[in-house]
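Single-structure report; data block below.
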Amino acid sequence: MPKSDATNSVLFRRRVESAPRQGRGVDEDRQRNQVLTTKVGLQLPAGLTFENWELAGRQLSGIVNSSSWWLGDWLVYGKDHYSDRYERGVRAAGLQYQTLRNYAWVSRRFEMKRRRAALSFQHHAELASLPVEEQERWLDQAEQQGWSTKQLRKAMRLARGGAEVEEASQAEATRRLAVPDSRLQWWHKAAEQSGVELEQWVLATLDNAAEQILVETQEPAGSVIVESRPTAVA
């Protein structure tokens with residue numbers, strides 16, 4: 001590792017090695033094929049092969065996807081066990097609270113045994129507002145068909161039926177909330193930083209706010225019905 005990196009905190013290391021080239025030392029060859037992450041960026045060695053670069057990308061993608069679950073589960077645990085102190089823990093960790101609340105909301109909707117390792121966190125987030133039976137059906141199809149989140153979203157829309165969707169869209173247009181452009185742009189920015197679609201971010205934010213208010217007022221569980229397919233804000 002270069003001397004300048006000695007002061008950086010390495011989050012994790014991924015060694016991608018190939019057979020040492022003729023006349024090159026083993027340590028030097030390993031360093032040439034080592035990808036490191038630090039607090040300020042990703043260190044990619046000069047001469048990294050395409051295969052090693054591609055492998056590093058798959059590893060990073062897996063970590064990013066897993067970290068969403070990790071952070072969500074971490075906040076759920078803190079809220080369940082340290083209700084009077086967990087917000088302090090979030091602030092001490094230096095993480096964005098609203099982002100974590102979105103992760104926690106999805107994590108609560110999918111207990112660990114129902115999460116599909118072959119699908120991303122975002123696949124699950126797309127389905128989080130649905131009843132469990134529908135979640136399972138769509139997860140099965142997405143896994144079997146190898147759908148991206150965009151393909152999953154499209155399939156869900158098509159499943160509602162062309163005529164019904166058109167009729168629903170016309171009806172929704174009369175109920176759409178009027179939002180100033182400046183505020184809509186603000187929401188888009190927040191959703192982007194949270195790593196979720198705007199519709200999902202709006203739903204999670206409203207659910208979180210409703211949950212907090214109902215808990216504070218001690219609203220009996222099950223007395224509020226949450227619409228599984230909210231009107232999109234666009």
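- Residues S129 and W105 form a side-chain contact, since some pair of their non-hydrogen atoms from C-beta on lies under 4.5 Å apart.
- Linking ILVMFWY side-chain heavy atoms closer than 4.5 Å, directly or via other members, places L44 and F50 in a single hydrophobic cluster.
- Note that CE of M156 and CD of Q141 are 10.5 Å apart. Values are rounded to the nearest 0.5 Å.
- Here the side chain of Q43 pairs no donor or acceptor atom with the backbone of L36 at under 3.5 angstrom.
- Looking at residues two or more places apart in sequence or on another chain, you find a salt bridge (charged side-chain N to carboxylate O under 4.0 Å, His left out) between E136 and R114, R116.
- The closest side-chain heavy-atom distance from E126 to Q122 is below 4.5 Å.
- Residues L206 and W186 fall within the same hydrophobic cluster, defined by Ile, Leu, Val, Met, Phe, Trp and Tyr side chains chained together at heavy-atom separations under 4.5 Å.
- Looking only at side-chain heavy atoms (C-beta outward), Y77 and Y86 stay at 4.5 Å or farther from each other.
- H124 contributes no side-chain N or O that, together with a main-chain N or O of R109, makes up a donor-acceptor pair within less than 3.5 Å.
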>> Set out, in order, the CA-CA distance, both residues' side-chain angles and the distance that settles salt bridge (charged side-chain N to carboxylate O under 4.0 Å, His left out) for E197 and R153, then state yes or no.
In response: CA-CA 11 Å; E197 298 290 336; R153 195 180 308 121; 3.3 Å; yes

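- The closest donor-acceptor contact from the side chain of S61 to the backbone of R58 lies at 3.5 Å or more, if one exists at all.
- When the side chains of ILVMFWY residues are joined at heavy-atom separations under 4.5 Å, either directly or via intervening members, L100 and W70 end up in two distinct hydrophobic clusters.
- With respect to Y103, the ring pair (Phe, Tyr, Trp, His ring centres under 6.0 Å) criterion is satisfied by exactly one of F121, W74, W69, F110: F121.
- Looking at V76 and D80, their side chains come closer than 4.5 Å, going by heavy atoms from C-beta outward.
- The distance from atom OG1 of T149 to atom CD of Q200, rounded to the nearest 0.5 Å, is 11.5 Å.
- In this structure Q98 satisfies the side chain to side chain donor-acceptor pair (under 3.5 Å) test together with N102, sequence neighbours excluded.
- In terms of modelled atom types and a separation under 3.5 Å, the side chain of H81 and the main chain of G78 share no donor-acceptor contact.
- For the pair E133 and R137, the salt-bridge criterion is not met [side-chain N within less than 4.0 Å of a carboxylate O].
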> Passes salt bridge (charged side-chain N to carboxylate O under 4.0 Å, His left out), D73 versus R115? Steps please.
Replying inline: CA-CA 12 Å; D73 290 337; R115 300 173 188 175; 2.8 Å; yes

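- Side-chain contact, T205 with N208: no donor N or O sits under 3.5 Å from an acceptor N or O.
- Between the side chain of S83 and the backbone N or O of K79, no donor-acceptor pair lies under 3.5 Å.
- Within the 4.5 Å cutoff, the side chain of L60 has heavy atoms near those of the L42 side chain.
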